[in-house]
Structure formats: C-alpha cells, structure tokens
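Notes follow once the structure below has been shown.
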Amino acid sequence: MIAIACDHAALKMKKIIVELLEEMGLEYRDFGTYSEESCDYPVFALKAARAVASGECERGILICGTGIGMSLAANKVPGIRCVVCSEPYSAQLSRLHNNSNMLAFGARVIGEGMARMITKVWLETPFEGGRHQRRVDMIAEIEKGSVLE
Ligand code: RB5
C-alpha cells in the first residue's frame, strides 16, 4: 500500500501519479487534500507520514509546490526518511543507499514526465542493505537522542 498526499498546489500532479500507481498495479491510499482550496501542507504530510511510520503503508509520496514543506513535516515523524527529488538519479540512490520511505517533489518544479520517471524508479528500486543498513540505523539513533560518539 502506497500513501499519497498533496496540497492545493499539487492536486493535478497527484492525479498524474495516482494514474501511474494504477498502471503499475499498486494499491494506494489518498490522504488528501481533495480540492484546490488553499490548505496547510503539514496536515496532509503528517497523515501520510503517520501511515508509513505505523506500517499501514509501506511507502509514501508527497507533492506540494516545491516538495520541501511536505518533506520537512514528514521528516519530523520518527521512522520517516523523506527525500525531495527533482531527478531520477537521486530518487534511485535514496532507495539503494538511504532506504528512503517517502518521496516528495514539487508540482511547480518539475513536469509530469519527470515526475512519473522519478516516482517509477523510486518505487521499483530496492534498498541495497549491507554497509548502508548501519548508516540508516544511525539516523534512527539520532531520533532517539544519540550523539553518535
Ligand atoms: C503553497 O503555496 C506552497 O507553499 C506549498 O505548496 C509548498 O511548496 C511548501 O513547501
């Protein structure tokens, strides 16, 4: 199950990505927003991020004007590793090396074709594990207050 959420700036882009999820045969849960009426992106980022952190959804996709606000909000939820990507290389490496569990991007930054490409590669790329697991674990330690000494 993939969580997806957007704010008013990204409603049309969310529809494009929902179409992609359907093409890929992936189940999704849409956490809003559902209209172009101005709204506060942290509300919707939090709903999707909590679903990912709880395990209800395996991963999540957040779309706002830049991707930045929603990613900042999502990364406040323990267990969330949300990355803002404007090109597929970073999206792919964020899976391979960082085990990113949320992807954010900006509907005002990239076009539909690029958004589809980034999302597809991010969804299809596994985590490499190995030495990268230790580093991802260190990020979780920071959440618990460790200073990593
Ligand atoms: C909304 O105007 C805009 O601030 C929002 O979509 C997002 O880009 C925030 O980071």
Side-chain angles (χ1 to χ4, degrees), residues 1-24 26-127 132 135-146 148:
M1 182 72 69
I2 305 296
I4 189 163
C6 70
D7 74 354
H8 55 280
L11 196 71
K12 284 181 190 145
M13 183 65 93
K14 184 173 71 177
K15 286 179 184 162
I16 300 293
I17 300 304
V18 162
E19 277 174 24
L20 174 66
L21 296 176
E22 287 171 352
E23 282 167 32
M24 293 176 75
L26 295 172
E27 288 189 304
Y28 62 90
R29 183 162 169 207
D30 184 350
F31 288 88
T33 186
Y34 307 111
S35 84
E36 286 185 333
E37 190 181 331
S38 183
C39 66
D40 297 326
Y41 59 79
V43 172
F44 301 96
L46 179 60
K47 287 179 197 289
R50 289 184 69 185
V52 174
S54 73
E56 178 195 339
C57 294
E58 291 151 48
R59 287 198 255 156
I61 299 166
L62 302 173
I63 321 168
C64 58
T66 59
I68 294 170
M70 290 191 96
S71 70
L72 289 172
N75 278 318
K76 295 294 181 191
V77 176
I80 294 302
R81 293 177 301 280
C82 183
V83 290
V84 186
C85 296
S86 299
E87 37 71 31
Y89 180 80
S90 300
Q92 186 178 39
L93 268 291
S94 82
R95 288 291 307 136
L96 289 170
H97 289 190
N98 314 114
N99 199 14
S100 60
N101 53 13
M102 297 196 84
L103 168 70
F105 56 85
R108 293 172 178 162
V109 179
I110 58 173
E112 291 175 5
M114 183 62 84
R116 282 177 57 99
M117 188 179 288
I118 289 168
T119 304
K120 192 162 190 295
V121 76
W122 185 78
L123 287 167
E124 289 177 341
T125 305
F127 177 46
H132 302 296
R135 294 161 186 164
V136 172
D137 289 344
M138 290 169 85
I139 296 171
E141 288 303 313
I142 295 172
E143 282 178 349
K144 292 180 199 155
S146 170
L148 302 180

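In each ligand, atom 1 is the first atom listed, and ligand 1 is the first ligand listed. Everything numeric in this text was worked out from a predicted model, so none of it was measured.
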For Val77 against Leu46, the heavy-atom pair lying closest together: CG2-CD1, 3.5 Å
Approximate separation, where rounding is to 0.5 Å, of Ile2 CD1 and Met102 CE: 10.0 Å
Check: Tyr41 N/O within less than 3.5 Å of ligand 1 N/O: no
Polar side-chain atom of Glu143 near backbone of Gly79 as donor-acceptor pair, under 3.5 Å: yes
Closest protein heavy atom (residue, atom, distance) for atom 3 (C) of ligand 1: Arg108 NH1, 3.9 Å
Minimum-distance pair of heavy atoms, taken over all atoms of Ser71 and Val84: OG-CG2, 3.1 Å
For atom 10 (O) of ligand 1, the protein heavy atom that lies nearest, with its residue and separation: Gly69 N, 2.8 Å
Side-chain (Glu87) to main-chain (Ser90) donor-acceptor, under 3.5 angstrom: yes
Which of the ligand 1 atoms, numbered from 1, are nearer than 4.0 Å to a heavy atom of Asp7: 1 (C), 5 (C), 6 (O)
Donor-acceptor pair, side chain of Arg59 and main chain of Trp122, under 3.5 angstrom: yes
Gly65, any N or O under 3.5 Å of ligand 1 N or O: yes
Shortest protein contact, atom 8 (O) of ligand 1 (heavy atom only): Thr66 N, 2.9 Å
Per-atom contacts, ligand 1 versus Ala9 - under 4.0 Å to a heavy atom: 6 (O)
